[in-house]
Structure formats: C-alpha cells, structure tokens
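Notes to accompany the following structure.
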Amino acid sequence: MRYSKAFIPTMRHVPKEATMASHVLLIRSGSVRMLSKGIYSYLPLGWRAVENVARVVREEMDRTGAQEILMPFVQPASIWQESGRWDGFGPELLRFKNREGADYAIGPTHEEVVTDLVRREIRSYKQLGFNLYQIQTKYRDEPRPRAGILRGREFIMKDAYSFDADAEAAQRSYEGMVVAYARIMTRLGLEFRAVQADTGAIGGDLSHEFQVTTPSGEDVLVLCDKCSYAVNVEMAPAYGDGWTCTPGEAQGGTSSEVHTPGAHTVEEVSSFLGVTAQDILKTVVLHDGDHHHAALVRGDRELNLLKTARLLGVREVFLAGDEDVRRLTGADVGFAGPCGLEKKVESIIADREVEGMAGFVCGANRTDHHLKDVHLGDIGADVRFADLRKVTDGDGCPRCGGPIHTEKGIEGGQTFYLGTIYSEKMDATFLDSGGKSRAVEMGCYGIGITRLVAAAIEQHHDENGIVWPIEVAPYQVHVLQLGAGEQAAAEAERIHDELEREGLDVLLDDRKERPGVKFFDADLLGIPVRIVVGEKGLKQGALEVKTRDGSISESIPPSDVVGRAAGIVSDLRDEALRSAGERAGSILKETGLQK
RNA sequence: CGGGGUGUAGCUCAGCCUGGUAGAGUGCGAGCUUUGGGAGCUCGAUGUCGCAGGUUCGAAUCCUGUCGCCCCGACCA
C-alpha cells in the first residue's frame with residue numbers, strides 16, 4: 001500500500017474527548033472516528049487490525065472444529081420472551097417496533113437465536129457435539145460508554161455456542177474453548193489471566209473471564225501469590241472456611257452523641273475523633289429497585305455489591321440516591337448509622353467482620369453528628385451477618401491461605417457453561433441413547449474483537465505511539481522512503497514490491513514529506529518492522545531495519561533487506577505461536593479445570 | 001440516573017466576567033529556500049461561535065430551553 005494513496009488521517013493534537021491511551025492513539029493514528037456516543041467507524045488502519053484479530057480468532061476456533069455461521073442481529077421479541085430475558089435483560093437491550101408494531105430487539109448476544117436454530121434441527125443425541133460461532137456486530141445500550149472502542153455500545157464480537165448430549169461432553173467442550181482462548185490471547189501478544197467470574201445476565205454456573213492485565217483496566221482481579229487461585233473481585237470471598245471472629249460485646253447503652261461538623265468521610269471522622277478507620281462502622285444505604293436496605297462494613301472496608309445482591313436475593317443493588325439517604329436517615333449524606341434505621345429500611349445486613357466490633361463510632365442519623373461507644377446491641381434490630389466486603393491486597397487466599405494481591409484487567413473474553421437453562425426454557429430437546437427426552441447441554445463463549453484491538457494498544461504503546469503486536473498490526477512492514485531522489489524512490493518501491501510478493505502486508509511511505517514527519521507518523525502507527533530507504537543509506541550501502549519496540553536495529557546491505565525484514569516477521573510470528581502453544585498447555589491447570 | 005465540566009476554523013484552544021466588524025497556534029493552498037526525527041520566510045483561503053427561543057438599537061458574550069461530548073459516582077455514608 002502506498003501511503004500517498006491511503007486514507008490515514010493522522011492527528012498531531014490529542015483529541016480532547018479521549019483520555020485513555022488506546023482511545024487517544026486510535027484517533028490520532030487515523031484508525032477510528034466516532035459517529036455517536038459509543039458508536040465508531042473503523043478506518044482502513046483500524047479495520048485491518050480488527051480483521052487481523054478476527055483472523056486469529058477464526059483460525060483458532062476452526063482448529064477446535066467449531067463452525068462459523070452468521071445469525072440475524074435483528075431479533076423478534078418472541079424468542080426473548082421464551083427465554084424470559086425480554087423482561088430480564090434490562091435497558092441494555094435496545095428494543096424497537098417494526099412497521100406492523102411488532103416488538104424487536106437488536107441483538108446484544110445470541111443465545112436465543114442459536115437455541116431456536118438448533119432446536120428445530122436436533123432430534124437425536126447422534127446429532128450433538130458441535131459448536132457454532134459467528135463474528136458479528138452487537139449492540140448493547142450501555143448506560144455509560146467510554147474509552148472509545150474499549151467500551152462502546154456497538155462493537156464486534158465473536159460468540160460461540162456449544163451443544164452436547166451430556167454434562168461430561170459439555171465440560172470437554174468448555175475446556176476446549178478455554179484452551180482456544182488461551183491460544184488466541186497469547187497469539188495476539190496479550191498478557192492475560194483467566195479468572196473465575198460471575199455469570200451475570202447470561203446465566204449458568206461455571207464461567208471464566210479472560211482478562212487482559214493493564215493498570216487502565218476496569219475490572220479488579222484477585223490473584224493468589226502462592227497458588228493459581230484467580231477470581232474477579234466481584235466473586236471473591238473475603239473469608240476462608242476456617243474464618244471465625246470473636247463476637248463483640250453485644251451489651252449496648254453506653255453510646256453518646258458527638259458533634260462532628262462537616263465530617264462526612266470515614267477519614268474525616270477518624271481524624272476528627274482521633275480513632276482509626278477500623279473503629280468506625282460504615283453504613284451504606286442501598287436500594288434494590290423495590291426496597292431500601294442498610295449494609296454495615298468496617299470503616300476501612302468497601303462493600304461488594306454483587307455479594308450483597310446475592311445475600312438479598314435480588315439481581316442488582318445500587319447505592320441509594322442522596323435524596324433517599326436524606327429521607328430515610330433524616331440527615332445529610334455522611335451521617336447515616338444503623339441505630340433506629342430498622343423501621344426505615346427493609347433489612348439491615350452486615351459484613352461478618354462487623355460481628356467482632358464493639359465500642360465503635362457510627363453515624364447518628366443527624367447531620368453533623370456521630371455516635372461513639374456504640375455496641376451491636378444498640379442497633380435494636382436483627383442484623384444478618386454475611387461475607388459482604390470487597391477483598392483487598394493482603395487478604396488471605398480462600399484456597400491455600402497464601403497472600404493475595406489485586407490487579408486491573410480488561411475483559412477480553414468470557415466462557416460460560418450454561419447447562420440446560422436455555423434449552424429447557426426454549427424446549428431444545430433430543431432423545432438420548434435410552435430413548436429418553438433430554439435438554440441439550442449448552443455453553444457460550446464470547447470474545448470482544450474490537451475491544452481486544454484497544455486492549456492490545458493499552459498493553460503495547462509508548463509515548464510516541466502504538467507498538468502493535470505482530471498478529472494485530474495493520475501492516476507488518478513500514479518502508480520509509482526519504483528524500484526526493486529517484487534512486488531512493490526506485491529502491492523503496494523494489495523493497496515494497498518484493499516484500500508483498502513474500503506475502504507480507506507492507507506500507508510504503510512515498511509521500512512528499514520531510515523525513516521528520518515520516519518518522520513521527522511511523523512511530524504513531526506502530527507497524528512492527530521499519531525499513532528506512534534514504535540517499536544516505538544507499539550511498540553507504542546499508543539500510544536501516546528496525547523493530548518498533550526497539551529490540552532490533554540493524555544496518556544491512558539493500559540486497560539483504562527484504563530477506564531480513566521477512567525473517568524478522570516470521571520470527572515474531574513463530575514466537576507468538578510457540579508461546580500460544582505453551583500457554584494452552586498449562587491453562588487448564590491454571591484455571592483449576594484439570595488437576 | 002445523580003454530580004461536575006465543555007461546545008468558537010479540520011484539530012487544540014483564547015475571546016464571554018464588563019454586549020459593539022471573529023482571534024491564535026497547528027493544519028490546509030501557492031511560491032522560494034530546505035531535505036535522516038514534526039523546517040524557514042512570504043502570500044492566501046477557511047466560521048450558521050452546537051441548536052432554538054428571549055432580552056437589547058446591537059448577542060460568541062446576558063437569560064431560558066434543548067442537544068452533543070468528556071469526567072466522576074460506597075471508599076462520602
């Protein structure tokens with residue numbers, strides 16, 4: 001490809017709407033442009049990267065025997081009503097009516113469609129044991145899209161669905177996908193961890209997230225330093241089986257109110273009253289859509305909303321709004337306490353650790369006032385104790401007791417073992433070898449194709465631009481033709497043409513630009529191998545061949561340049577494949593799926 | 001949804017408080033010089049000041065509404 005003919009609108013300025021590295025660089029490199037909130041066009045460079053991720057995903061999915069299909073993204077409400085998700089999915093499902101007034105949705109995922117497709121054809125266990133996947137645009141009406149294509153409303157996803165006759169075969173299908181995902185992530189050059197995950201709206205009881213580890217990630221991973229325990233913080237239990245605590249003094253009656261003007265935060269209360277955060281009881285007012293609840297945690301802890309929702313038996317809980325807090329507690333936000341709150345809320349729940357607290361400080365439900373020397377007996381209501389707090393660095397591993405630490409991650413893919421939850425609801429059944437009717441055992445497996453492009457940049461960039469991993473890079477080799485001399489132009493063309501004949505994707509910067517401009521753009525675009533063809537080098541009989549990550553920088557004769565560049569590319573690919581094989585060999589142990 | 005911010009040239013932003021002919025840098029076009037890390041000089045083109053109302057002799061500026069975008073949202077309880 002000749003740069004002079006390419007549509008690569010690079011930008012010098014940092015676009016003001018972008019804060020994350022991948023977002024900034026995708027825009028600056030002319031890879032994507034926003035049409036509307038969370039909705040992006042892919043320009044040639046960005047689209048090539050997307051296609052490359054898709055290519056690797058296809059290769060690895062096909063390798064497992066999965067078959068590619070394409071399903072509709074416009075889906076009738078009827079199948080969603082069958083599965084119960086028309087009401088269950090929430091506002092992220094974009095719904096609309098067609099001209100006849102019938103309800104439809106734009107597919108955020110395809111369990112319903114694929115289950116419907118398969119149930120019409122499956123009669124016997126002999127037909128089962130297959131996996132269907134597609135690569136397609138999805139739409140989820142996210143409440144808060146951000147960070148460009150990392151968390152968009154419209155995005156491209158690979159979703160696969162396995163269909164088996166029994167749980168054992170389904171388990172093997174699941175493991176096959178976990179292995180494939182490890183190969184995919186590794187080939188794409190991504191550092192990742194597979195963690196146990198919540199199954200959320202999709203359902204099922206076994207799930208792993210493939211988290212691309214980066215400090216800019218949205219998810220928090222809890223990882224054991226000693227064993228292979230790895231879990232999303234949403235799921236992480238704070239207390240192992242052996243955990244106990246000595247119940248605190250239940251006797252109340254010693255509490256007294258203290259004036260704490262302006263002390264809204266635990267930190268402020270702690271320094272105002274000269275107590276530690278552990279001596280403070282934090283009261284969080286929640287609502288679950290129907291009712292309000294109060295949750296109690298130690299002052300230095302954070303509430304885990306997912307564990308809280310599970311305890312309450314609801315799908316989701318949210319923080320109550322400021323207005324609700326004022327109405328229920330009778331005080332400004334920051335002064336809520338459990339005493340006297342039992343009549344205002346549906347229930348009071350507390351983290352297990354709170355059971356050991358005594359003589360603590362808590363809000364007085366009166367603006368600018370707290371209570372001190374409070375005991376559990378003062379709450380005057382039944383409090384349910386459970387594992388509610390968020391796990392943090394320094395907590396113990398629930399499996400081996402070793403120390404755990406947390407890391408941030410971007411969820412690049414997730415695998416779910418669904419069992420029969422969809423097949424039962426939607427009547428996808430078959431006759432087993434004994435002639436009995438059974439529901440199909442299903443699994444579903446997603447990879448955010450466009451998100452992985454952004455994640456790759458989050459992990460691979462420097463202050464000058466992108467540093468593409470070889471399998472994602474829109475081009476593998478970037479030939480910089482410097483100067484206006486005919487000799488350099490002819491030589492650059494020759495190198496470009498020969499590299500293309502080798503089957504490589506090559507970008508030839510033949511623009512009438514000064515060298516500095518070309519170098520800066522080359523750094524920004526991040527193509528892995530760079531060849532500089534200038535009059536100076538030709539005179540000296542040595543051209544510069546460099547990798548974008550700086551690991552290789554050589555001056556070699558023009559006649560050897562093509563062979564050397566092609567060699568570097570194939571070495572990089574071989575290395576990616578080799579590590580993919582290695583990681584795939586250990587992933588089942590790593591995830592605990594095999595001993 | 002709540003809170004905060006922002007919208008002026010392709011891009012980044014100034015001007016707004018205190019109303020009076022629309023600005024800078026960068027980019028873009030032409031010319032000369034320059035040519036291995038975002039060149040210099042000269043000349044030039046570019047705006048429904050997000051949109052809709054209102055106040056005013058007069059609105060980018062003040063008022064009302066609306067739309068878009070960005071950031072934050074137990075860690076304050």
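This one's a predicted model, so the numbers in the text were calculated from it and none came from an experiment. Residue numbers begin at 1 in each chain, while the letters A, B, ... track the order of the sequences.
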With sugar-phosphate meaning primed atoms plus P, OP1 and OP2, does A:Arg151 contact a base, only sugar-phosphate, or nothing at under 4.0 Å between heavy atoms?
nothing
Expressed in whole Å, how much space separates the C1' atoms belonging to B:A52 and B:C67?
10 Å
Per the atom types in the model, does the base of B:G36 pair as donor or acceptor with the side chain of A:Glu544 at under 3.5 Å?
yes
Once you apply a heavy-atom cut-off of 4.0 Å, does A:Val285 come out as touching a base, just sugar-phosphate, or nothing?
nothing
RNA chain B: 5'-proximal contact among A:Glu535 and A:Pro143 (nearest heavy atom):
A:Pro143
Using the side-chain heavy atoms of A:Met34, tell me which of these nucleotides is nearest: B:U34, B:C71, B:C69.
B:C69
Tell me the interatomic distance from A:Leu480, atom CG, to B:G38, atom P, rounded to whole angstroms.
14 Å
Begin with the C-alpha distance, continue with both residues' side-chain angles, and end with the deciding distance and a verdict on side-chain contact (heavy atoms from CB on, under 4.5 Å) for A:Val361 and A:Val269.
CA-CA 9 Å; A:Val361 170; A:Val269 172; 3.9 Å; yes
Just how far, in rounded Å, is C1' of B:U35 from CD of A:Glu486?
16 Å
Taking any strand in view, what nucleotide pairs with B:C41 in a Watson-Crick or G-U wobble way, both distances under 3.5 Å?
B:G31
Rounded distance (Å) that lies between atom C1' of B:G36 and atom CZ of A:Arg511:
15 Å
Is it true that A:Arg451 and A:Glu458 make a salt bridge, defined as a side-chain N closer than 4.0 Å to a carboxylate O?
no
Within the structure shown, what part of the strands sits under 4.0 Å from A:Arg298 by heavy-atom distance: base, sugar-phosphate, or nothing?
nothing
Assign A:Asn304 to base, sugar-phosphate, or nothing according to its heavy-atom contacts below 4.0 angstrom with the strands shown.
base
For B:C71 versus B:G27, give the span between their P atoms, rounded off to a whole number of Å.
28 Å
Expressed as a whole number of Å, how far does the P atom of B:G44 sit from that of B:G50?
28 Å
Please work out if A:Gly537 contacts a base, only the sugar-phosphate, or nothing of the nucleic acid, heavy-atom cut-off 4.0 Å.
base
Using the P atoms only, state how far B:G4 lies from B:A9, rounded to an integer number of Å.
27 Å
Considering only the C1' atoms, how many Å lie between B:G23 and B:U66, rounded to the nearest integer?
28 Å
Using a heavy-atom cut-off of under 4.0 Å over every strand shown, decide if A:Gly363 touches base, sugar-phosphate, or nothing.
nothing
What contact category does A:Thr329 fall into here, base, sugar-phosphate, or nothing, at under 4.0 angstrom with non-hydrogen atoms?
nothing
Students often get this wrong, so: under 4.0 angstrom with heavy atoms, is A:Arg33 touching a base, only sugar-phosphate, or nothing?
nothing
Measure from CZ on A:Phe520 to P on B:G36 and round the result to the nearest Å.
15 Å
If you measure from the Lys or Arg side-chain nitrogens to the Asp or Glu carboxylate oxygens, is any gap between A:Glu355 and A:Arg352 under 4.0 Å?
no
Write down the distance separating the C1' atoms in B:A60 and B:C13, rounded off to the nearest Å.
15 Å
Please determine if a side-chain N or O atom of A:Arg514 lies less than 4.0 Å away from the OP1 or OP2 oxygen of B:A39.
yes
By the 4.0 Å heavy-atom rule, please label A:Lys518 as base, sugar-phosphate, or nothing.
nothing
Give a yes or no on this: more than 12 heavy atoms of other residues, nucleotides or ligands lie within 6.0 Å of atom CD of A:Glu267.
no
Picking from B:G36, B:G38, B:C71, which would you name as closest to the side chain of A:Leu482?
B:G36
Consider the side chain of A:Lys536, meaning its heavy atoms from C-beta on, and name the nucleotide among B:C70, B:C71, B:G36 that approaches it most closely.
B:G36
If B:G7 has a Watson-Crick or G-U wobble mate with both distances under 3.5 Å, name it; if not, just say none.
B:C67
Between A:Leu543 and A:Gly537, which heavy-atom pair has the shortest distance, and what is it?
CD2-C, 4.0 Å
Taking only the side-chain heavy atoms of A:Lys546 (C-beta and beyond), determine which of B:G37, B:U35, B:C71 contains the nearest atom.
B:G37
Heavy-atom nearest nucleotide on RNA chain B taken for A:Arg146 and for A:Ile280; more 5' hit belongs to A:Arg146
Please classify the nucleic acid contact of A:Asp300 as base, sugar-phosphate, or nothing, using heavy-atom distances under 4.0 Å.
nothing
Nearest whole angstrom, please: distance from the P of B:G73 to the CG of A:Leu305.
13 Å
Pairwise C1' distance for B:G47 and B:G37, with rounding to whole Å
35 Å
For A:Lys37 and B:G7, what is the distance between atoms NZ and C1' respectively, to the nearest whole Å?
14 Å
Ring-ring centroid check A:His293 A:His287, cutoff 6.0 Å
no
Would you mind pulling out the nucleotide paired to B:U46, Watson-Crick or G-U wobble, both distances under 3.5 Å?
none
In whole Å, what is the span from the CG atom of A:Leu524 to the P atom of B:G37?
18 Å
What integer distance in Å separates A:His23:NE2 from B:C69:P?
11 Å
Base contacts versus sugar-phosphate-only contacts with protein, heavy atoms under 4.0 Å: please encode nucleotides 8-15 of chain B as B, S and - from 5' to 3'.
---BSS--
As an exercise, state the distance from CG of A:Leu525 to CD1 of A:Ile8, rounded to the nearest 0.5 Å.
6.0 Å
Scanning all shown strands, the Watson-Crick or wobble mate of B:U12 with both distances under 3.5 Å is B:A24
Using the P atom as the reference point in each nucleotide, state the distance between B:C11 and B:C72 in Å, no decimals.
23 Å
Return the nucleotide paired to B:C1: Watson-Crick means purine N1 to pyrimidine N3 with N6-O4 or O6-N4, wobble means G-U with N1-O2 and O6-N3, both under 3.5 Å.
B:G73
Does a salt bridge link A:Asp351 with A:Arg298, judged by any charged N lying under 4.0 Å from a carboxylate O?
no
So does A:Lys390 pair up with A:Asp395, basic N to acidic O under 4.0 Å?
no
Say whether A:Thr214 and A:Gln459, considering side chains only, have a donor N or O and an acceptor N or O under 3.5 Å apart.
no
Heavy-atom pair with the smallest gap, counting every atom of A:Gln211 and A:Glu411:
OE1-N, 3.2 Å
